[in-house]
Protein chains: 2
Amino acid sequence: MKAQSHTRSISRSLPIALLRARETVMAPVRDMLQGIQMTEQKWRVLRVLDEFGEVEQSTIAKEACLLLPSLTRILRTMESEGQVTRRQDSHDKRRTMVRITGEGHRIFEENRLVSHEIYANIEEQMGRHKLDRLLDLLEELRSVKF
Amino acid sequence: MKAQSHTRSISRSLPIALLRARETVMAPVRDMLQGIQMTEQKWRVLRVLDEFGEVEQSTIAKEACLLLPSLTRILRTMESEGQVTRRQDSHDKRRTMVRITGEGHRIFEENRLVSHEIYANIEEQMGRHKLDRLLDLLEELRSVKF
DNA sequence: TATTGTTATACTCTATAACTATA
DNA sequence: TATAGTTATAGAGTATAACAATA
């Protein structure tokens with residue numbers, strides 16, 4: 001017997017639907033990342049740096065959905081692996097500016113094709129319109145005030 | 001200068017858009033969970049149990065997006081906290097059947113109102129149609145084959 | 001005083017392999 | 001042989017507070 005409840009079915013729970021959808025999309029990305037010994041978080045950092053050029057850490061944290069203490073550790077590792085460089089900002093010495101290196105860029109370029117193929121695959125099966133609509137709705141959801 | 005790349009803008013990256021949207025929705029839920037000393041994962045388990053009644057662990061793992069080894073540990077804690085009970089299935093003795101207790105149900109009921117308000121809030125700001133559409137698209141995304 | 005970032009700490013989840021018991 | 005679940009272990013992220021340096 002099903003529990004008597006007015007709770008929305010779990011498949012219509014927004015947090016869970018978002019989590020499951022992400023698991024689906026990330027599965028092939030994770031296979032790729034495993035092959036190059038990179039975590040999801042590092043990959044997000046590379047992606048932000050590739051797009052933004054040189055940025056301060058707070059921006060990376062916000063864009064890549066990471067907390068600053070996590071980012072500190074992640075960037076330390078990535079710096080030791082030669083994927084990023086860091087320098088103190090000359091105007092505001094509190095700021096650390098981070099930049100992707102040639103090696104970091106090479107890793108990103110060699111593997112973003114995989115992301116692209118995954119995206120193309122989804123577009124082919126769902127249609128470009130629906131995918132754009134989904135991204136629009138996700139963006140709109142972020143602007144909801146609580 | 002913006003990096004020269006044909007990579008889709010990070011705000012249009014599906015995995016990141018899903019992650020950010022989830023962070024937005026989960027923020028108020030996390031506040032609620034923190035007040036009752038419950039992790040997101042435990043909350044998902046409660047939600048599955050409330051909806052499904054007595055189920056085997058593999059089902060919980062699938063529905064709540066958890067790996068079995070994580071679930072083993074989580075259920076052990078929840079059992080010691082009196083939120084769930086476990087028993088061996090009499091027909092197939094490999095299976096462990098899990099059920100929510102009165103206490104677990106009470107915790108769930110006392111707090112799901114918060115989830116409901118969050119949902120109502122989103123519905124009010126985005127509109128019911130858009131929210132339904134979003135859930136439909138997320139569900140459709142899950143059926144994409146890679 | 002507020003902000004940027006680091007360090008320290010405790011907790012938790014993730015991921016995998018090896019294992020037990022049962023089918 | 002395959003499946004359900006447990007245990008062990010390594011690795012990593014999360015969350016918070018306290019702190020240093022700078023604005």
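These figures come from a predicted structure and were not determined experimentally. Below, read A as the first sequence line, B as the second, and so on, with proteins coming before strands; counting in each chain starts at 1. Keep in mind that the numbers below use all heavy atoms, side chains included, and drop hydrogens, waters and symmetry copies.
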Below 4.0 Å: OP1/OP2 of [N] and any side-chain N or O of [X]:
{"X": "B/Arg76", "N": "D/dT6", "answer": "no"}
{"X": "B/Thr39", "N": "C/dC13", "answer": "yes"}
{"X": "B/Arg73", "N": "C/dC13", "answer": "yes"}
{"X": "A/Gln41", "N": "D/dG13", "answer": "yes"}
{"X": "A/Ser58", "N": "C/dG5", "answer": "yes"}

In this structure, how many angstroms lie between the [atom2] atom of [N] and the [atom1] atom of [X], rounded?
{"X": "B/Leu67", "N": "D/dG11", "atom1": "CG", "atom2": "C1'", "result": "14 Å"}
{"X": "A/Lys62", "N": "C/dT4", "atom1": "NZ", "atom2": "C1'", "result": "15 Å"}
{"X": "A/Lys93", "N": "C/dT3", "atom1": "NZ", "atom2": "C1'", "result": "17 Å"}
{"X": "B/Gln34", "N": "C/dT12", "atom1": "CD", "atom2": "P", "result": "12 Å"}
{"X": "A/Asp31", "N": "C/dA15", "atom1": "CG", "atom2": "P", "result": "11 Å"}
{"X": "A/Ile74", "N": "D/dT14", "atom1": "CD1", "atom2": "C1'", "result": "11 Å"}
{"X": "B/Leu68", "N": "D/dT9", "atom1": "CG", "atom2": "P", "result": "20 Å"}
{"X": "B/Arg94", "N": "D/dA2", "atom1": "CZ", "atom2": "C1'", "result": "8 Å"}

request  = Please work out if A/Gln37 contacts a base, only the sugar-phosphate, or nothing of the nucleic acid, heavy-atom cut-off 4.0 Å.
outcome  =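 A/Gln37: no heavy atom of the nucleic acid under 4.0 Å.
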ask   = Contact class for B/Leu66 (heavy atom, under 4.0 Å): base, sugar-phosphate, or nothing?
value =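 Here B/Leu66 touches the backbone only, sparing every base.
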query = How about B/Glu110: does its CD atom have over 12 heavy atoms from other parts shown lying under 6.0 Å from it?
reply =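 Correct, the count exceeds 12.
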request  = Report, as yes or no, whether the 6.0 Å neighbourhood of atom CZ on B/Arg12 holds more than 12 heavy atoms from other residues, nucleotides or ligands.
outcome  =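 Yes, enclosed.
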request  = Kindly indicate whether the side chain of A/Arg95 and the base of C/dT4 share any N or O donor-acceptor pair separated by less than 3.5 Å?
outcome  =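 Counting by modelled atom types and ignoring angles, no donor-acceptor contact under 3.5 Å is found here.
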ask   = Does A/Ser70 or A/Gln88 map to a spot on DNA chain D nearer the 5' end, using the closest nucleotide for each?
value =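 By nearest-heavy-atom nucleotide position, the 5'-most residue is A/Ser70.
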ask   = Which comes earlier along DNA chain D counting from the 5' end, the contact point of A/Asp89 or that of A/Glu40, where each point is its nearest nucleotide?
value =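 First, find each residue's nearest nucleotide; the 5'-ward one identifies A/Glu40.
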query = Between C/dG5, D/dG5, C/dA23, which nucleotide has the shortest distance from any of its atoms to the side chain of B/Thr96?
reply =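 Nearest to the side-chain atoms of B/Thr96, counting from C-beta on, is D/dG5.
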Minimum-distance nucleotide (side-chain atoms of B/Arg86 versus D/dT6, C/dG5, C/dC13) =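 Shortest atom-to-atom distance from the side chain points to D/dT6.
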ask   = So is A/Arg47 actually on top of A/Phe108's ring, under 6.0 Å and inside 45° of the axis?
value =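 No - A/Arg47 does not lie over the ring of A/Phe108 by the 6.0 Å and 45° rule.
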request  = Would you kindly say whether A/Glu117 and A/Asn121 are connected by a side-chain donor-acceptor distance under 3.5 Å?
outcome  =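 Checked: A/Glu117/A/Asn121 side chains show no N/O donor-acceptor pair below 3.5 Å.
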